[in-house]
Amino acid sequence: MSDQERIAGIVAEHEGREGPLLPLLRDIQAELGCVSAEAEAQVAQALNLSRAEVHGVASFYHDFTERPDPRPCVEICRAEACQARGVEALMQAARDAAGDRVRLADVYCLGLCSVGPNAKLDDAVHARLDAAGLVSLIESA
Amino acid sequence: MTVVRISDDALAIACGADNLACAFAEAGCEVERVSSWGMHWLEPLAEIDGQGWGPLVPGDVASVLDGSSDKGVGTIADHPFIAGQQRLTFSRAGKTRPLSLEDYAATGGWAGLNRARSMAPEAVVEEVITSGLRGRGGAGFPAGIKWRTVLEAAGECKYIVCNADEGDSGTFADRMLMEGDPFALIEGMAIAAYATGASKGFIYVRSEYLHAIAKLESALALVQALVLPFEIEVRVGAGAYVCGEETSLLNSLEGRRGEVRAKPPLPALEGLFGCPTVVNNVLTLAAVPHILTEGGAAAYAAVGHGRSKGTMPIQLAGNVKHGGLFEVPFGMSLRELVEQVGGGTASGRPVKAVQVGGPLGAYIHPRDFDLPFDYEAYAERGALIGHGGITVFDDSADMGRQAQFAMEFCAAESCGKCTPCRIGAVRGAELIERIRRGGSRAVDAVETLPQMHNAPKQQRSREDNVALLEDLCETMRDASLCALGGFTPFPVLSALRQWPEDFE
Ligand SMILES: Cc1cc2nc3c(=O)[nH]c(=O)nc-3n(C[C@H](O)[C@H](O)[C@H](O)COP(=O)(O)O)c2cc1C
Ligand code: SF4
Ligand code: FES
C-alpha cells in the first residue's frame, strides 16, 4: 500500500469524529513514522483545512516529526524528580552506549517519580536505573 | 492454593512486577493483579493473606513461600505509611483489581452515581459545593461553583473534560488513579454529567501514559453502557506540557495548536467547540463518588485545614527514602511529610530543598518546613501546592542549575502566545547561565548606538545581571497570560534568594 493510501485509510477511520485532527496525526505518526509535508497536504485536503493550519498543528506538538527515524529510541526522563535521583550523572554513559545506532530522546516525566531514574523503550518502562542498567537497556534496543 | 496479590500499576511493572508475578505463578500460586498500595519503595510488593513482602525479585519467591524471607513488612494495612493516611479518593488502592466490576461494586462503587441520579441536578451541585472540594489540578478553584456555572449556562450541548495531562514532574496520582481505579473516574464524570446536563465527556491523557490509556479504554468498554446516555471518549495528547492548561487542552481537543486562550470567556460558559464545559482534574472528579454517598459531603468538609477542605493525595517523589502516594487531610507540615513519612532522602544525605507543585512550584528550604499543606498558606509564601507533588533534593543539588532548568523548561514548553513567556524564558535561561559563569557579555554594536538611551554603555556587572533577572521575573509573573510564564519565576527566584551561593 502506498503512503497515500494508508493516510486515506486513516482519514476514513476518523470520519465523523469531533475534532479529528490530533488523533489522525497521531495515527499517521505511528503508522508512517513521521508526519511529512505530503501527509500534511493530504490531511489538509481531506479535512478542508489549509496546509498552513495543519502544519501549524503538526509542528506544535513534540510527538510529531517531519522525517522518520528508523533507529530504536530510548526515552530518558530528565525532569526534576529524576534529576534529584541522579539521572544527569548517567547521561554520558548513555550517549556512549547509544552512539549513532540508538536515538536518545528526553522526556519530561513518566509518572514514576519516586523510583527514578526512569526510561522507556518501545512500550515498556524501566525504573531504578543505574549506569549499568541504562547502558544494558540501550544495548538491548 | 496460595493467592498472591501483586500490582499491575506501571510503576510496579517498571520495577519488575510482571516477572515476579510469573515466578509466583510458576511456583504454583494463584496471582491476582491489583492496584498499587502506593508504597513505591517496596514495589514490586507481594501480598499474601494481608502480609506484605517487598521489594522482591523472582529469586525471592521460594523464601517468601517457605516463610524464610527477610523482606517481610508485616500486615500491610497496619504499616505506618498506610495507617497514617486517610484515604478517601484512593480508598481502593492496593485492595481491588482495577478492572473488576465485582470488586468495584463490593467496595461501594456506583453508590454515589445512583444516589445522585435520585436527586435533582441542582441538589447534586449543592452537595459538591458543601463538600468544599477544590480543583486538584493546581488552581484550587471550587469544583461545585464551576459545575453550577455550567448547569446554569444555556447550551444544547455541554461537555465534561477530564484533565489527565499530569505533566508536572513529581506527580503520579492521576496515573495511579486511572490505572488503579478507572471506574471511580468514570463514575465521577458521570455524576458531573448528570449534575450539569452534559452529554459527552473526554478524558485527555498525556501520551506518555500508555498503561493508563489502555486501562481506561478497557474500563470504558466494560461500563460505557452503565453511564448512558453520557458518552466518554479517551483522547491522547501529543507531548506538550502546556496542554495541561485547560484552554490549551480544549484547543488541542478541537484539533488546534495547544495555544492558551484568553479568559474570559470562561470554559464553563464557552469551552469545547464553544459549548459550556466542565474541565476538572482526574483527582477532582474521582473525589466526587465518595462525596455523593449518603453523608459524604459533610464528612469530606469535616476534614482539612482552613479553606482547604478534604484530603489531598500527596505524592512523595525524587530523592526520598519512602516515596509514594500519601493521602491525608490538608494541613500536614512539610517536616512531617518529608522527614517522618518520607524518611528523609534516599541517598541518606541531608535534605537541601524540596520543590512542591511541579516545575512551576517554588523550592522550599528546610528552615521553612513548618509550612502546613494548605492552598492559602502556600500562596502567602509565594509557593504553590499545585497537583500535590513533593520532589526532594539532597545537598548535592545545584540550585542555580535548577533555576536555569526552570527557565529552559518554560522556553521549550511555552505555547508562544505571549511575549513575556516566549521571549522571557529564553533570555532568562541565558541570563542565569551568564550569572553562573561569572561572565558578562561584551556590549554589542546596537547597544552603543546613540538612540539606545536605556542600554548600558559598559559591561554589566554580576549585580546588574542579577537585578536584570529579578526584573525579568517580575515581568513574566505580572504580564504572562497563563501560569507557565507566570509561575516560572517561583522556582527561579526561590532558588536565587535562598541559595545565592549556587549562582556563583
Ligand atoms: C502550564 C499549565 C499546566 C497545567 N497542567 C495541568 C495538568 O497537567 N493537569 C491538570 O489537571 N491541570 C493542569 N493545569 C491546571 C488547569 O489549567 C486547570 O486549572 C485544571 O485542569 C482545572 O481543573 P480542577 O479545577 O479540577 O483543578 C495546568 C495549568 C497550567 C497553567
Ligand atoms: S505564559 Fe507562556 S504558555 Fe502561557 S499563554 Fe503565555 S506564552 Fe503561552
Ligand atoms: S520526573 Fe522522571 S518520572 Fe517523573
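Values reported hereafter were calculated over all heavy atoms of this structure, with side chains retained and with hydrogens, waters and symmetry mates removed. Proteins come first, then strands; the chains are lettered A, B, ... in the order of their sequence lines, and each starts at number 1.
- Across Glu233(B), Gln315(B), Glu166(B), Met176(B), the residue that shares the most heavy-atom pairs under 4.5 angstrom with chain A is Glu233(B).
- Gln402(B) touches chain A through its side chain: at least one heavy atom from C-beta onward sits under 4.5 Å away, while N, CA, C and O do not.
- Only the backbone of Asp168(B) comes within less than 4.5 Å of a heavy atom in chain A; its side chain stays farther off.
- In this structure, chain A has heavy atoms under 4.5 Å from both the backbone and the side chain of Val236(B).
- Atoms SG and CZ, on Cys109(A) and Arg175(B) in that order, are 9.0 Å from each other to the nearest 0.5 Å.
- Using a 4.5 Å cut-off between non-hydrogen atoms, the part of residues 127-141 of chain A that approaches chain B consists of Ala127(A), Arg128(A).
- The heavy-atom pair separating Glu80(A) from Tyr363(B) by the smallest distance is CG-OH, 4.0 Å.
- From Leu110(A), atom CG reaches atom NE2 of His211(B) across 11.0 Å, with rounding to the nearest 0.5 Å.
- Proximity of a side-chain donor or acceptor of Arg257(B) to a complementary backbone N or O of Ser59(A) within less than 3.5 Å is not detected.
- Annotation: maximal heavy-atom pairing with chain A below 4.5 Å, among Lys352(B), Glu413(B), Glu259(B), occurs at Glu413(B).
- One distance of note links CG of Asn118(A) with SG of Cys15(B); it measures 8.0 Å at 0.5 Å rounding.
- Among Glu43(B), Met39(B), His40(B), the one residue that satisfies the side-chain contact (heavy atoms from CB on, under 4.5 Å) test with Ser114(A) is His40(B).
- Only the backbone of Ala412(B) comes within less than 4.5 Å of a heavy atom in chain A; its side chain stays farther off.
- Counting heavy-atom pairs closer than 4.5 Å to chain A, the top-ranked of the candidates Asp174(B), Asn251(B), Asn319(B) is Asn319(B).
- Note: Ser169(B) leads Ala317(B), Ala397(B), Ser169(B) in heavy-atom pairs under 4.5 Å with chain A.
- Ring to ring, Tyr108(A) and Tyr241(B) are not that close: their centroids are 6.0 angstrom or more apart.
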Point to revise | Steps toward salt bridge (charged side-chain N to carboxylate O under 4.0 Å, His left out) verdict (Glu208(B), Lys120(A)) | key: CA-CA 9 Å; Glu208(B) 289 83 351; Lys120(A) 179 160 162 263; over 6 Å; no
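- The shortest non-hydrogen separation linking Ala238(B) to Tyr61(A) is O-CB, 3.3 Å.
- Of the atoms belonging to Val242(B), it is side-chain heavy atoms, and not backbone ones, that fall under 4.5 Å from chain A.
- Electrostatic pairing of Glu18(A) and Lys200(B) counts as a salt bridge here, judged by a charged N lying under 4.0 Å from a carboxylate O.
- The existence of a salt bridge linking Arg256(B) and Glu53(A) is excluded, since no basic side-chain nitrogen approaches an acidic carboxylate oxygen closer than 4.0 Å.
- The part of Glu254(B) that comes within reach of chain A is its backbone (N, CA, C, O), which places non-hydrogen atoms under 4.5 angstrom from that chain.
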